[in-house]
Amino acid sequence: MGIGSGTARAQTAALPAWLQAHVGTADGQIAPVVLQRARALYYQKLQAGKIRNACYFAMDATRPNGVGQQGRFYIICEGSQVFRVMSSGHGNGINLQTVADFANGPECSEHFSNAEGSYLTMGGPYVTAELKTSLKGYYRADGKTQPLVRTFIQFEGEGETANARERQIGGHPSVVIRAQCRMKLPDPQYAQFADEQGYVPFGEFINYTGKRSNGCTNWSWADANEITRLVQNNPTSLYIYPESQDIVAVGRGVRGAYWNATCLRAIGRPKFWPRASLEPAIAQYKKKYPAPPPKPLPICR
């Protein structure tokens with residue numbers, strides 16, 4: 001049974017009136033089932049002593065990939081009456097040609113899975129874990145060569161999301177460097193990120209806020225900084241909708257099963273790809289079409 005079980009609901013505090021005003025399916029609102037399960041997970045972890053954060057997170061991956069009030073990621077702090085909506089990408093998936101096609105479009109997510117290597121979103125319960133900071137590379141901006149240092153928030157899952165760590169599923173800013181060449185590391189403080197010869201990537205700064213991900217949750221730079229501050233040394237819960245049973249129910253046309261209406265019209269019918277069947281298919285494809293060995297980036301000139 002999912003996080004919406006009777007036991008979890010019984011431990012959840014009564015829904016405050018101010019939060020009820022944000023419940024719905026319009027832009028800037030959170031769907032009832034998503035909030036119900038997110039609150040159940042939060043209070044379950046809170047009462048078990050697993051977290052003590054005053055805020056919790058939720059995501060509705062059935063919504064279109066919008067920004068601002070059209071977003072689908074939520075920060076909820078009941079004590080201080082905070083309800084924030086922001087953007088977050090969904091897993092882009094892959095088209096494995098003759099083996100399987102589980103690629104998602106840019107606006108709405110049709111395919112979901114917890115299979116390793118699928119690059120798909122997996123709904124269910126998570127708790128934020130440790131923060132990992134890495135240098136993605138250097139880029140030119142404002143006439144200067146600048147580093148892009150990005151923080152990754154590791155997620156821990158349970159049940160169908162239990163392999164979140166193996167899948168490297170977490171949250172991070174939706175920015176990256178499209179590497180073009182290698183340059184000598186200009187800042188000794190980032191020496192740990194350089195290769196054996198002291199080189200680091202240099203390239204184009206890419207901001208993909210509101211676009212797809214490799215299965216992780218990602219936010220704008222400003223939103224990611226806020227979320228990082230909220231969970232640094234203070235983990236909290238994140239509930240992502242839909243779970244596999246929700247996807248199957250909507251696919252079968254079960255009455256009352258929730259899916260965002262705009263995306264349902266766009267995709268026709270969602271599909272959940274079980275890990276047990278998709279992982280062997282991915283392995284089969286990689287064996288048949290092995291990736292070429294990586295080539296080192298040229299030296300910057």
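For NZ of Lys50, the number of neighbouring non-hydrogen atoms (other residues, nucleotides, ligands) closer than 6.0 Å is 12 at most. No more than 12 heavy-atom neighbours from other residues, nucleotides or ligands sit within 6.0 angstrom of CD on Gln168. Dense packing is recorded around NZ of Lys184, with more than 12 heavy atoms of other residues, nucleotides or ligands lying under 6.0 Å away. Applying the 6.0 Å contact sphere to OH of Tyr119 captures no more than 12 heavy atoms from other residues, nucleotides or ligands.
A donor-acceptor distance shorter than 3.5 angstrom exists from the side chain of Asp101 to the backbone of Ala103, with no hydrogens or angles considered. Without hydrogens or angle criteria, Gln70 side chain to Asp27 main chain gives no donor-acceptor distance under 3.5 Å. Judged purely by atom type and a 3.5 angstrom limit, Tyr42 has no side-chain atom pairing as donor or acceptor with the backbone of Ile51. A donor-acceptor pair is defined here as one N or O able to donate and one able to accept, closer than 3.5 Å; such a pair exists between the side chain of Asn207 and the backbone of Thr209. Counting only distance, with no hydrogens or angles, the side chain of Arg182 and the backbone of Tyr199 share no donor-acceptor pair below 3.5 Å. Judged by distance alone, with hydrogens and angles left aside, the side-chain atoms of Gln154 form no donor-acceptor pair with the main-chain N or O of Ala129 at under 3.5 Å. Thr62 places a side-chain N or O within donor-acceptor distance of the main-chain N or O of Asn260, the cut-off being under 3.5 Å. For the pair Asn53 (side chain) and Leu230 (backbone), a donor-acceptor distance under 3.5 Å is present. Without hydrogens or angle criteria, Arg150 side chain to Val175 main chain gives a donor-acceptor distance under 3.5 Å. The closest donor-acceptor contact from the side chain of Asp187 to the backbone of Gln189 lies at 3.5 Å or more, if one exists at all.
For the pair Ile169/Asn114, no side-chain contact is recorded, criterion being any heavy-atom separation below 4.5 Å from C-beta on. Taking 4.5 Å as the limit, every side-chain heavy atom of Leu238 sits out of range of all side-chain heavy atoms of Tyr56. Contact check for Ile30 versus Asp60: no side-chain heavy atoms found under the 4.5 Å cut-off. Here the side chains of Arg63 and Cys263 are not in contact, with every heavy-atom distance at 4.5 Å or above. Between Val231 and Phe57, the closest side-chain pair of non-hydrogen atoms falls below 4.5 Å. Contact check for His22 versus Ile76: no side-chain heavy atoms found under the 4.5 Å cut-off. In this structure, Ile227 and Met86 have side chains that are in contact, with non-hydrogen atoms separated by less than 4.5 Å. Taking 4.5 Å as the limit, every side-chain heavy atom of Pro106 sits out of range of all side-chain heavy atoms of Asn92.
Heavy atoms only, all atoms of each residue included: Glu78 and Pro16 are closest at OE1-CD, 4.0 Å. Listed here is the closest heavy atom pair of Arg52 and Leu46: CA-CD1, 3.9 Å. When every heavy atom of Pro64 is checked against every heavy atom of Cys108, the shortest pair comes out as CA-SG, 4.2 Å. The heavy-atom pair separating His90 from Gly105 by the smallest distance is NE2-O, 2.8 Å. Shortest non-hydrogen contact noted between Tyr126 and Gly157 is CD2-CA, 4.1 Å. Between Ser220 and Ser87, the closest heavy-atom pair is N-OG, 4.4 Å.
When hydrophobic clusters are built by joining Ile, Leu, Val, Met, Phe, Trp and Tyr residues whose side-chain heavy atoms come closer than 4.5 Å, directly or via intermediates, Trp221 is not grouped with Tyr208. Transitive grouping of hydrophobic side chains (ILVMFWY, heavy atoms separated by less than 4.5 Å) brings Met122 and Ile240 into a common cluster. In the hydrophobic clustering of ILVMFWY residues, with side-chain heavy atoms under 4.5 Å counting as a link, Val33 and Val250 come out apart. Hydrophobic cluster membership is shared by Val85 and Leu19, with clusters built from Ile, Leu, Val, Met, Phe, Trp and Tyr side chains linked at under 4.5 angstrom. Cluster annotation: Phe193 is not connected to Tyr139 through the hydrophobic network of ILVMFWY side chains, with a link wherever side-chain heavy atoms come within less than 4.5 Å.
The pair Glu158-Lys45 counts as a salt bridge, with a side-chain nitrogen and a carboxylate oxygen less than 4.0 angstrom apart.
We find the CG-CZ distance between Leu278 and Phe102 to be 4.5 Å, quoted to the nearest 0.5 Å. Distance check: Ser88 OG to Tyr74 OH gives 11.0 Å after rounding to the nearest 0.5 Å. Interatomic distance, CD of Glu156 versus OG1 of Thr161, reported as 9.5 Å (0.5 Å rounding). Note that the CG atom of Leu35 and the CD atom of Gln29 stand 11.0 Å from one another [nearest 0.5 Å]. Note that CH2 of Trp259 is 5.0 Å distant from CD1 of Ile267, once rounded to the nearest 0.5 Å. Rounding to the nearest 0.5 Å gives a distance of 5.5 Å between OG1 of Thr145 and CZ of Phe202.
The side-chain hydrogen bond (donor to acceptor under 3.5 Å, both in side chains) search around Asn218 returns none, not counting sequence neighbours. Asn225 pairs by the side-chain hydrogen bond (donor to acceptor under 3.5 Å, both in side chains) definition with nothing, not counting sequence neighbours. Residues satisfying the side-chain hydrogen bond (donor to acceptor under 3.5 Å, both in side chains) test with Ser109, not counting sequence neighbours, are Asn104. Under the side-chain hydrogen bond (donor to acceptor under 3.5 Å, both in side chains) criterion, Glu107 pairs with no residue at all, not counting sequence neighbours.
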Report task. Test side-chain contact (heavy atoms from CB on, under 4.5 Å) on Asp223 and Arg84 and set out the steps. Result -> CA-CA 10 Å; Asp223 290 339; Arg84 285 210 48 207; 3.1 Å; yes

Requested in this report: May I have the step-by-step check of side-chain contact (heavy atoms from CB on, under 4.5 Å) for Asn65 and Arg72, ending in yes or no?
Outcome: CA-CA 7 Å; Asn65 197 358; Arg72 51 185 170 183; 3.1 Å; yes

Query raised in the report: When you look at Gln284 and Lys287, which way does the side-chain contact (heavy atoms from CB on, under 4.5 Å) test go after all the steps?
Result: CA-CA 5 Å; Gln284 173 189 345; Lys287 184 177 180 180; 5.8 Å; no

Requested in this report: Test side-chain contact (heavy atoms from CB on, under 4.5 Å) on Ser118 and Trp273 and set out the steps.
Outcome: CA-CA 9 Å; Ser118 67; Trp273 297 76; over 6 Å; no

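Aromatic ring orientation, Phe73 versus Trp219: perpendicular (interplanar angle above 60°, classes split at 30° and 60°). A tilted orientation is assigned to the rings of Tyr241 and Tyr239, their planes being inclined by 30° to 60°.
Relative to the ring axis of Phe112, Lys271 does not place its NZ or CZ within 45° and under 6.0 Å from the centre.
Applying the salt bridge (Lys or Arg N to Asp or Glu O under 4.0 Å) test to pairs two or more places apart or on separate chains, those with a residue in residues 199-208 are Arg178-Glu204. Sorted by first and then second residue, the salt bridge (Lys or Arg N to Asp or Glu O under 4.0 Å) pairs with a member in residues 256-270 form an empty list; sequence neighbours excluded.
Screening Ile177, Leu148, Leu185 for a side chain to side chain contact (heavy atoms under 4.5 Å, CB included) with Tyr138, the sole residue that qualifies is Leu185.
No side-chain donor from either of Thr128 and Thr236 sits under 3.5 Å from a side-chain acceptor of the other.
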